[in-house]
Protein chains: 2
Amino acid sequence: MASEKIIYQDKEFNCSLAFTLQLIGDKYKSLILFHLKEGPQRSGELQKSITDISNRMFTYSIRALEKDQLVKRKVYPVTPPRVEYELTDAGKSLIPIILKLDQWGQEFARNHYLYAPAE
Amino acid sequence: MASEKIIYQDKEFNCSLAFTLQLIGDKYKSLILFHLKEGPQRSGELQKSITDISNRMFTYSIRALEKDQLVKRKVYPVTPPRVEYELTDAGKSLIPIILKLDQWGQEFARNHYLYAPAE
DNA sequence: CCGTATCCTTAGGGATACTG
DNA sequence: CAGTATCCCTAAGGATACGG
């Protein structure tokens with residue numbers, strides 16, 4: 001049994017699911033992890049791959065993921081600067097679950113006819 | 001390939017993961033589904049099982065889940081009223097994934113020593 | 001190219017009180 | 001018991017501009 005409480009950033013979680021959601025349950029973090037699944041990506045490329053994310057939220061989210069050690073940041077000291085992000089082992093361990101969420105959404109959308117008709 | 005767009009409630013999603021997150025990626029919805037995994041629950045019991053949810057957010061979330069056909073609502077015409085919620089098939093299909101997220105959180109917390117010491 | 005800072009708007013969410 | 005309605009506040013998030 002793991003019914004003890006999790007303490008993280010001055011918050012208490014009596015359910016580990018609630019804790020997981022705190023880490024990746026927002027609008028962008030799991031999308032970022034998802035787009036890193038093939039390997040390291042340049043910062044700009046990564047940001048572009050996530051449509052409709054503002055610069056501000058991209059930085060905010062990737063910083064949080066970095067602090068939680070789900071992604072690693074690599075800086076190449078060149079001009080102009082080159083920055084790459086890649087998944088840590090902990091980050092990688094989330095990918096199979098995120099893939100399932102993606103697949104689930106696909107099926108749900110198909111079953112409910114939510115796909116826009118192809119042009 | 002399923003690279004077409006998903007349209008849902010006047011929003012476009014070019015990634016089915018983003019769509020999934022729209023459905024259950026907030027603070028409470030997946031928690032509610034999670035607590036329904038054993039079977040139907042009375043409204044009050046369900047709400048109590050989710051610590052720290054306000055009445056307002058409980059109603060709001062369960063209505064959304066109902067509209068998305070992830071939970072079913074059963075009303076017994078008695079006084080005082082008795083209302084039960086249970087998972088639909090679509091809702092049930094999410095449980096294995098949610099369980100994995102829960103387990104992932106447990107492990108992560110253990111690896112990072114985030115559990116409060118037992119008393 | 002990469003990131004920070006600032007300003008501003010909206011949406012998420014708590015507390016309380018009230019009805020069938 | 002189950003649910004709405006109201007009020008209010010905080011945090012999520014967009015847009016823009018600027019600096020190393």
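A, B, ... follow the sequence lines: proteins, then strands. Residue 1 opens every chain. Computed from heavy atoms alone, side chains included, the values below leave out hydrogens, waters and symmetry copies.
Taking every side-chain heavy atom of A/Val83 into account, C/dG3 is the closest of C/dG3, D/dC1, C/dG13. Listed nucleotides: C/dG3, C/dG14, D/dG14. Nearest to the side chain of A/Thr59: C/dG3.
Distance B/Tyr60 OH to D/dA2 P: 22 Å, rounded to the nearest Å. Between the CD atom of A/Glu66 and the C1' atom of C/dC2 there is a distance of 13 Å, given to the nearest Å. Rounding to whole angstrom units, CD1 of residue B/Ile53 and C1' of D/dG3 are separated by 14 Å. For B/Ile62 and D/dT4, the CD1 to P distance is 12 Å, given to the nearest whole Å. In this entry the distance linking CG of A/Asp26 with P of C/dG12 reads 13 Å, nearest Å. For the pair B/Lys48 NZ and D/dC1 P, the computed distance is 7 Å after rounding to whole Å. Across the protein-nucleic acid pair, A/Leu31 atom CG and D/dG13 atom P stand 11 Å apart, rounded to whole Å. Between the CD atom of A/Gln9 and the C1' atom of D/dA11 there is a distance of 14 Å, rounded to whole Å.
Taking all atoms of both residues into account, the shortest heavy-atom contact from A/Lys29 to A/Ile24 is CB-CA, 4.2 Å. Nearest heavy atoms, B/Lys92 versus B/Leu87: CG-CB, 3.8 Å.
Within 4.0 Å (heavy atoms only), B/Tyr85 reaches sugar-phosphate atoms of the nucleic acid but no base atom. Across all strands shown, B/Tyr76 has no heavy atoms under 4.0 Å from either base or sugar-phosphate atoms. A/Tyr28 comes within 4.0 angstrom of sugar-phosphate atoms only, judged by non-hydrogen atoms across all strands, and of no base. B/Ser43 comes within 4.0 angstrom of the backbone, heavy atoms only, and of no base.
In this structure, A/Arg73 does not reach the C/dC2 phosphate: none of its side-chain N or O atoms is under 4.0 Å from OP1 or OP2.
Aromatic ring pairs are classed by plane angle as parallel below 30°, tilted from 30° to 60° and perpendicular above 60°; the pair B/Phe19 and B/Tyr8 is perpendicular.
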Anything under 3.5 Å between a protein N or O and an N or O of nucleotides 15-20 of chain D, put it in a table, one pair a line.
none

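Between A/Arg42 and A/Glu84 there is no salt bridge, since no side-chain N of the basic residue sits under 4.0 Å from a carboxylate O of the acidic one. With respect to B/Lys72 and B/Glu66, no salt bridge is recorded, no charged nitrogen being found less than 4.0 Å from a carboxylate O.
Atom-to-atom distance recorded for B/Leu21:CG and B/Ser16:OG is 10.0 Å, nearest 0.5 angstrom.
The side-chain heavy atoms of B/Ile62 and B/Leu46, taken from C-beta on, include a pair separated by under 4.5 Å.
Of the two residues contacting DNA chain D, namely A/Met57 and B/Pro80, the nearest-nucleotide position lying further toward the 5' end is that of B/Pro80.
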